A.B. asks: 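This structure is in structure tokens; I'll ask about it shortly.
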Number of protein chains: 2
Amino acid sequence: MSDNDELLSIRAAELYYEENQTQDEIGVILRLTRWKVGRLLASAKANGFIRIEIVHPRARRLPIERRLRESTGLTDAIVVSSAGVSSDSELQSRTAQAAADYLTSLRPIPRTLGISWGRTLHDVSLHLKQGWAPGVNVVQINGGVSLNQRTGTAASTAVTIAHKADGSATLLPSPAIFERLETKQAMEADRTVAGVLALARNAQAYVFSAGQADANSALVDSGYLSVAQINDLVARGAVGDVVGRYIDQNGRIVDPELNERTVGIQIDQLRRAPLTIAVISGPSKHAIARAVVRNGLCTVLVTDEDTANALLHD
Amino acid sequence: MSDNDELLSIRAAELYYEENQTQDEIGVILRLTRWKVGRLLASAKANGFIRIEIVHPRARRLPIERRLRESTGLTDAIVVSSAGVSSDSELQSRTAQAAADYLTSLRPIPRTLGISWGRTLHDVSLHLKQGWAPGVNVVQINGGVSLNQRTGTAASTAVTIAHKADGSATLLPSPAIFERLETKQAMEADRTVAGVLALARNAQAYVFSAGQADANSALVDSGYLSVAQINDLVARGAVGDVVGRYIDQNGRIVDPELNERTVGIQIDQLRRAPLTIAVISGPSKHAIARAVVRNGLCTVLVTDEDTANALLHD
DNA sequence: GGCTGATCTGCTCATATGAGCAATGATACC
DNA sequence: GGTATCATTGCTCATATGAGCAGATCAGCC
């Protein structure tokens with residue numbers, strides 16, 4: 001298009017989008033036929049000069065969702081808009097809300113729902129509406145009795161989700177990681193614990209988040225791992241954790257010995273499950289989100305626009 | 001509107017604006033009639049959830065221009081969009097371009113055009129196209145032979161504008177400010193200089209910019225004033241300068257003695273002129289822009305979106 | 001429970017717009 | 001210079017959309 005036409009298309013766009021004039025009226029002003037005006041507007045759009053944003057906490061980015069589905073083989077992708085977000089926590093909240101919406105609209109409604117725990121899942125539980133589902137058995141899929149603080153975050157997340165669905169919660173009364181393998185094995189041998197783990201393995205759907213591998217990890221906060229241990233994991237290629245287990249960019253367990261001492265379902269069980277919903281957002285989680293999606297650890301991803309774009313521009 | 005309708009309006013907007021579905025198709029998807037969809041979209045717009053931006057260096061903000069005209073009594077306002085600008089200088093460049101466009105489209109074409117000098121006016125001169133007007137006599141309206149560097153910026157601006165209009169330039173061969181009043185009076189007594197000043201006073205139109213009152217002022221750069229002098233002026237209420245003369249927020253000369261030693265047309269001559277075009281942009285110039293507009297020193301303002309909004313939110 | 005005013009819904013109809021097409025004008029190539 | 005090719009223009013026609021209106025529905029009130 002000629003330089004002059006480009007300028008005209010901008011003048012036309014101003015009158016059309018900002019002044020709500022009809023193409024006919026614009027034609028009179030710019031001394032053009034209305035068809036020319038229509039074509040100028042179309043070219044302004046095609047050239048990307050017209051940017052339309054939906055500014056709302058619940059806004060999603062459907063085109064990005066579609067491209068994500070197509071390029072990754074996910075059965076579903078939920079991408080929340082980051083237009084107008086001012087803080088990281090606002091983005092987290094939007095993503096959690098979207099995850100809650102997605103769970104609420106799930107059909108068929110899963111009878112048993114396996115969940116992990118953490119800041120994100122807790123947020124999701126808060127955003128669910130009372131009566132979001134007519135009875136769901138919520139099962140904790142990884143250990144999570146916090147060692148030093150806020151004991152019961154994990155439990156309360158599960159209980160809240162179950163309670164709001166008028167269902168029941170099955171908790172996994174165990175730390176996330178044991179210091180000694182023998183203790184962990186003894187724990188798992190317990191009938192009650194074994195029963196919970198069996199239930200977790202047979203859940204119809206899973207919802208989980210993921211943590212980045214750095215000093216801010218929830219597993220460091222909770223006292224399961226030291227900063228030095230995290231640094232070692234990172235040095236060995238860890239990009240983050242899923243259900244308490246650290247993986248590298250190829251989705252492989254970074255430290256098999258540590259993995260053995262970790263309580264909960266295995267990564268491979270997630271990989272084989274027919275419906276696994278990963279809720280991952282925030283700039284620090286691009287790497288782990290990539291690892292989760294590229295290695296088939298989830299079938300549905302709920303994330304934010306920037307993380308989704310990072311996945312697309314690989 | 002109900003909370004649920006608000007959410008529906010966002011879903012509808014996603015399908016309409018991002019997926020280019022018709023309201024009919026959206027109705028099928030959301031199980032609504034197409035009229036309901038139309039109303040939801042209208043309410044999404046009315047609630048400000050739909051933001052449409054024209055992202056282009058030449059884009060203007062017509063609604064802001066209109067509000068500016070209405071609230072200030074300016075005969076014309078040109079407001080360039082700041083959507084997508086990454087640097088201050090890009091904003092300056094956009095504004096200069098808009099000023100050049102405005103000059104080019106001026107009707108009737110002024111026979112004599114009085115101009116000030118400075119970074120902004122120089123930019124304007126560069127953005128004008130060869131042949132932008134069929135012969136214009138460009139007159140310098142304030143002194144501006146730089147004392148220490150880039151001698152001739154002022155002159156070259158005038159010459160460029162005149163040359164590109166296939167016209168002539170009349171330069172004011174004088175410093176901006178004299179140290180002694182007597183020297184200035186002697187200078188003005190000179191027949192040539194007096195003639196230029198008379199021509200300047202009778203110009204049909206003026207184009208000028210304004211400087212902020214701080215250490216970055218062009219008058220400091222050029223060596224006419226020291227930082228200490230500027231600080232003194234600021235302490236006495238100066239918000240910036242117009243044609244080399246410092247004014248306060250009420251448009252009054254801050255230092256009459258300094259003003260007497262300054263060469264060029266008086267502020268009052270600008271105030272009385274029928275067509276005075278002020279080109280002022282950038283975050284540091286909000287105060288001086290306000291002083292210029294509120295006190296009737298210009299009839300036309302060319303500025304950027306943020307400055308315009310600052311003027312509107314008084 | 002029944003009335004009243006206000007809001008909401010589904011519709012008709014006029015208008016705005018985009019798709020497609022023939023005629024025209026420009027451009028490149030022999 | 002003539003012609004083939006392509007882009008551009010002005011148009012017709014089908015479709016999408018918004019304004020306006022009558023009937024339905026709802027909330028508040030006695």
Side-chain angles (χ1 to χ4, degrees), chain A residues 1-56 58-63 65-67 81 101 105 129-131, chain B residues 1-56 58-63 65-66 81 105 129-131:
Chain A
M1 190 178 44
S2 89
D3 203 43
N4 194 50
D5 266 16
E6 179 170 320
L7 186 50
L8 272 178
S9 78
I10 297 303
R11 297 283 154 261
E14 288 161 359
L15 294 164
Y16 192 73
Y17 291 106
E18 304 209 311
E19 300 286 80
N20 295 315
Q21 308 244 29
T22 74
Q23 299 185 5
D24 232 346
E25 292 169 321
I26 296 169
V28 172
I29 294 171
L30 300 179
R31 297 160 193 287
L32 301 167
T33 63
R34 70 184 179 79
W35 298 286
K36 178 75 178 171
V37 173
R39 287 182 178 117
L40 286 172
L41 288 171
S43 79
K45 259 191 184 170
N47 283 314
F49 299 149
I50 312 299
R51 180 157 67 202
I52 302 184
E53 271 182 343
I54 303 171
V55 188
H56 192 281
R58 307 287 276 268
R60 284 164 51 187
R61 301 300 319 276
L62 304 187
E65 294 182 357
R66 181 151 29 78
R67 282 192 284 150
S81 164
D101 289 347
S105 66
K129 279 223 190 97
Q130 186 63 45
Chain B
M1 189 179 44
S2 89
D3 202 45
N4 194 49
D5 265 17
E6 179 170 320
L7 186 50
L8 272 177
S9 77
I10 297 303
R11 297 284 154 259
E14 288 160 359
L15 294 164
Y16 192 72
Y17 292 105
E18 303 209 311
E19 300 285 78
N20 296 313
Q21 309 244 26
T22 76
Q23 299 185 5
D24 232 347
E25 292 169 320
I26 296 170
V28 172
I29 294 171
L30 300 179
R31 297 158 192 286
L32 302 167
T33 64
R34 71 186 180 81
W35 297 286
K36 177 75 179 173
V37 173
R39 287 181 179 116
L40 287 172
L41 288 172
S43 79
K45 259 192 183 168
N47 283 315
F49 299 148
I50 312 298
R51 181 156 69 203
I52 302 185
E53 271 182 343
I54 303 172
V55 188
H56 192 279
R58 306 287 275 269
R60 284 165 50 187
R61 301 300 319 274
L62 305 186
E65 294 181 359
R66 181 152 27 81
S81 164
S105 65
K129 278 221 191 101
Q130 186 62 45

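Throughout, a chain's letter reflects where its sequence line sits, starting with A, and its residues are numbered from 1. As the structure is a prediction and not an experimental result, all values here were calculated from the model.
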A.B. asks: As a quick check of understanding, evaluate side-chain contact (heavy atoms from CB on, under 4.5 Å) for B:Arg60 and A:Glu18, giving each step before the final call.
C.D. replies: CA-CA 10 Å; B:Arg60 284 165 50 187; A:Glu18 304 209 311; over 6 Å; no

A.B. asks: Please list, by residue number, the residues of residues 14-32 of chain B whose heavy atoms come closer than 4.0 Å to an atom of DNA chain D; answer none if no residue qualifies.
C.D. replies: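 The stretch gives B:Tyr16, B:Thr22, B:Gln23 as the residues lying under 4.0 Å from the strand, ordered by number.
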
A.B. asks: With DNA chain C as reference, determine whether A:Trp35 or B:Thr33 sits nearer its 5' end, using the nearest nucleotide of each.
C.D. replies: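 Looking at DNA chain C, the more 5' nearest nucleotide goes with B:Thr33.
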
A.B. asks: When you get a sec, tell me which of C:dT17, D:dC21, C:dC21 is the closest nucleotide to the side chain of A:Arg34?
C.D. replies: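 Of C:dT17, D:dC21, C:dC21, C:dT17 is nearest to the side chain of A:Arg34.
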
A.B. asks: What I'd like to find out is whether the side chain of A:Leu40 reaches to under 4.5 Å of the side chain of A:Leu32, using heavy atoms alone.
C.D. replies: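 Touching, per the 4.5 Å side-chain cut-off.
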
A.B. asks: Just so I know, are the side chains of A:Asp5 and A:Lys36 near enough to count as touching, which here means a heavy-atom distance under 4.5 Å?
C.D. replies: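 Yes, their side chains come closer than 4.5 Å.
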
A.B. asks: Note down the inter-axis angle between the two ends of the helix from C:dG1-D:dC30 to C:dC30-D:dG1, five pairs each, to the nearest 10°.
C.D. replies: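 The angle, to the nearest 10 degrees, is 30°.
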
A.B. asks: Decide side-chain contact (heavy atoms from CB on, under 4.5 Å) for B:Glu25 and B:Val37; before the verdict, give the C-alpha distance in whole Å, the side-chain angles of both, and the deciding distance to 0.1 Å.
C.D. replies: CA-CA 10 Å; B:Glu25 292 169 320; B:Val37 173; over 6 Å; no

A.B. asks: CD1 of B:Ile50 to OH of B:Tyr17: how many Å apart, nearest 0.5 Å?
C.D. replies: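 Separation between the atoms: 5.0 Å.
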
A.B. asks: Ignoring hydrogens and angles, are the base of D:dG10 and the side chain of A:Arg39 linked by a donor-acceptor pair under 3.5 Å?
C.D. replies: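 Indeed, a donor on one side and an acceptor on the other fall under 3.5 Å apart.
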
A.B. asks: Apply side-chain contact (heavy atoms from CB on, under 4.5 Å) to the pair A:Arg66 and B:Glu19, showing each step before the final yes or no.
C.D. replies: CA-CA 10 Å; A:Arg66 181 151 29 78; B:Glu19 300 285 78; 2.5 Å; yes

A.B. asks: So which nucleotide from C:dC21, C:dT9, C:dG10 ends up closest to the side chain of B:Lys36?
C.D. replies: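 Shortest atom-to-atom distance from the side chain points to C:dT9.
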
A.B. asks: Under the side-chain contact (heavy atoms from CB on, under 4.5 Å) rule, what do A:Asp101 and A:Arg58 come out as? Steps first, then yes or no, please.
C.D. replies: CA-CA 10 Å; A:Asp101 289 347; A:Arg58 307 287 276 268; 3.2 Å; yes

A.B. asks: My understanding is that only residues two or more places apart in sequence, or in another chain, count here; which of them pass salt bridge (charged side-chain N to carboxylate O under 4.0 Å, His left out) with B:Arg11?
C.D. replies: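 B:Arg11 satisfies salt bridge (charged side-chain N to carboxylate O under 4.0 Å, His left out) with B:Glu14 only.
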
A.B. asks: Using whole Å, what does the distance between atom P of nucleotide C:dA16 and atom CG of A:Leu41 come to?
C.D. replies: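 About 15 Å, once rounded to whole Å.
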
A.B. asks: What is the distance, to the nearest angstrom, from the CG atom on B:Asp5 to the P atom on C:dT9?
C.D. replies: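 The distance from CG of B:Asp5 to P of C:dT9 comes to 7 Å, rounded to the nearest Å.
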
